[in-house]
Number of protein chains: 2
Amino acid sequence: MDINKALAAFFALSQQTRLDVFRLLVKAGADGLNAGEIAALLDVKQNTMSANLTVLLNAGMVRNERHGRTIRYFADFDAMRAVLSFLMEDCCGGRPELCQPVIDELACAC
Amino acid sequence: MDINKALAAFFALSQQTRLDVFRLLVKAGADGLNAGEIAALLDVKQNTMSANLTVLLNAGMVRNERHGRTIRYFADFDAMRAVLSFLMEDCCGGRPELCQPVIDELACAC
DNA sequence: ACAATATATCAATTATTCATGAATTATGGA
DNA sequence: TCCATAATTCATGAATAATTGATATATTGT
C-alpha cells in the first residue's frame, strides 16, 4: 500500500456517515447491503449516500456488485488488513521493541 | 475508543503532512523529534507544522514534552493500537470467520 | 533585564469538502 | 415500448479545513 492509498483510506473513514457505513458493511459481512438499504438504515438521503459510497469505493474500502436493479455493497476486508498493515509497517521500521506490544495487545473481540 | 475519537484519529491521519509526521514519529520511536526538526525534515513552514501537530495532538495520536525551549513530539503507540482495535472490534461484531484471516495475515515486518 | 531561540496563536485568504435538488442512466416488468 | 424503481451524476451554495504573515508566549543564556 502506497501513501496515497493510505491517505484515501483514512480520508474515507474520517467522516461520520462513511465510518458508519463501513462499520455497517463490516457487520453485514459476506451478505453486504444494497445502496438503498444503507441510506435507509442510516437515515441519509439517497444521493448523499451515493456520493459517500463512491468515496469509500474509490478508496478501495468497499466493493459493489449489481444484482438486477439494486447494487450491493460489501466491506473489503483485504483493504482493511492493508490499512492495519500500513501502520504496522511504519511501526516496525525502526523499533521492534515498541512494535511488538502493539501487536500482542491487539486482541480480537470475537 | 468511541466513534468520535476514531473519527478524529482518521481525520488526523488523512492529510499528507500529518501522515508523514506520524510515520516519522513512529520511526523515531522513544526518542521523538522536536517541532522544529519535524518542520525542517518535511520542509513545511513552522506555523503550518505547529497547526498540524496540534491536530495530531488533539486526536491523541501524538504526545509532547517540553525540554527547555524545545518541544519534543512522540507517536502515541497506545492510540495507534486503539485505532487498530477499533476496526478489529467492528470486524468481530458479526462474523469471526471473516475477522480471523485479517488478524492472521497481519504480519509484523520487524 | 535583555536578546536570542523555539514554538504557538491570531486573522485573513484560499482551497476543499459536504449536502442537496434536479437531471440522468440502468434495469426489470407489463 | 412505456412505466416504475434503483442508483449515479451534475451544479451549486454553505460549511470546514489548510496555509501563511504577523504577532505573542515561553525559555535560556548573558
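Predicted model only: the values in this text are computed from it and were never measured. A note on names: the letters A, B, ... follow the listed sequences, proteins ahead of strands, and every chain is numbered from 1.
- A sub-4.0 Å separation between OP1 or OP2 of dA8(C) and a side-chain N or O of Tyr73(B) is present.
- Of the candidates dT9(D), dG29(C), dG21(D), dG21(D) carries the atom nearest the Asn47(B) side chain, counting heavy atoms from C-beta on.
- Computed from coordinates, the Leu19(B) CG to dA17(D) C1' distance equals 17 Å when rounded to whole Å.
- For the pair Asp76(B) and Leu56(B), the minimum side-chain heavy-atom distance is 4.5 Å or more.
- Checked against dT7(C), dT20(C), dT20(D), the side chain of Asn34(B) finds its nearest nucleotide in dT7(C).
- In the set dA19(C), dA7(D), dT20(D), dA7(D) carries the atom at the smallest distance from any side-chain atom of Thr70(A).
- Note on Ser50(B): a side-chain N or O is less than 4.0 Å away from OP1 or OP2 of dA8(C).
- Rounding to whole angstrom units, NZ of residue Lys45(B) and P of dT7(C) are separated by 17 Å.
- Here the side chains of Phe74(B) and Asn64(B) are not in contact, with every heavy-atom distance at 4.5 Å or above.
- Note on Gln15(B): every side-chain N or O is 4.0 Å or more away from OP1 and OP2 of dA15(C).
- Following rounding to the nearest Å, Leu56(B) (CG) and dA17(D) (P) show an atom-to-atom distance of 14 Å.
- Rounded to whole Å, atom P of dT27(C) lies 15 Å from atom CD of Glu65(A).
- Within 4.0 Å (heavy atoms only), Arg18(A) reaches sugar-phosphate atoms of the nucleic acid but no base atom.
- Between Glu65(A) and Ile71(A) there is no side-chain heavy-atom pair separated by less than 4.5 Å.
- Between the CG atom of Leu57(B) and the C1' atom of dT9(C) there is a distance of 15 Å, rounded to whole Å.
- For Arg69(B), the side-chain atoms get nearest to dA6(C) when compared with the rest of dA6(C), dT20(D), dA8(C).
- Put simply, CD1 on Ile71(A) is 10 Å from C1' on dT27(C), counting in whole angstrom units.
- Rounded to an integer number of Å, the gap from CG of Asn58(B) to C1' of dT9(C) is 13 Å.
- Place Ser14(A) and Gly36(B) on DNA chain C by their nearest nucleotides, and Gly36(B) ends up nearer the 5' end.
- At least one side-chain heavy atom of Leu41(A) sits less than 4.5 Å from a side-chain heavy atom of Leu33(A).
- Residue Arg66(B) places no side-chain N or O under 4.0 Å from the OP1 or OP2 atom of dA6(C).
- For Phe11(A), whose side chain is taken as the heavy atoms from C-beta onward, the closest listed nucleotide among dC18(C), dA7(D), dA6(C) is dC18(C).
- In the hydrophobic clustering of ILVMFWY residues, with side-chain heavy atoms under 4.5 Å counting as a link, Leu7(B) and Met49(A) come out together.
- Two residues are said to be in side-chain contact when any heavy atoms from C-beta on lie closer than 4.5 Å; Lys5(B) and Phe10(B) fail this criterion.
- For Thr54(B), counting side-chain heavy atoms from C-beta on, the closest listed nucleotide (dT19(D), dT9(C), dT7(C)) is dT9(C).
- For the pair Arg72(A) and Glu37(A), the minimum side-chain heavy-atom distance is below 4.5 Å.
- Both Leu42(A) and Val62(A) belong to a single network of hydrophobic side chains, linked directly or stepwise wherever heavy atoms of I, L, V, M, F, W or Y lie under 4.5 Å apart.
- One interatomic measurement links the two molecules: CD of Glu37(A) to P of dT5(D), which rounds to 17 Å at whole-angstrom precision.
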Under 3.5 Å, N/O pairs linking protein and nucleotides 14-16 of chain D:
none

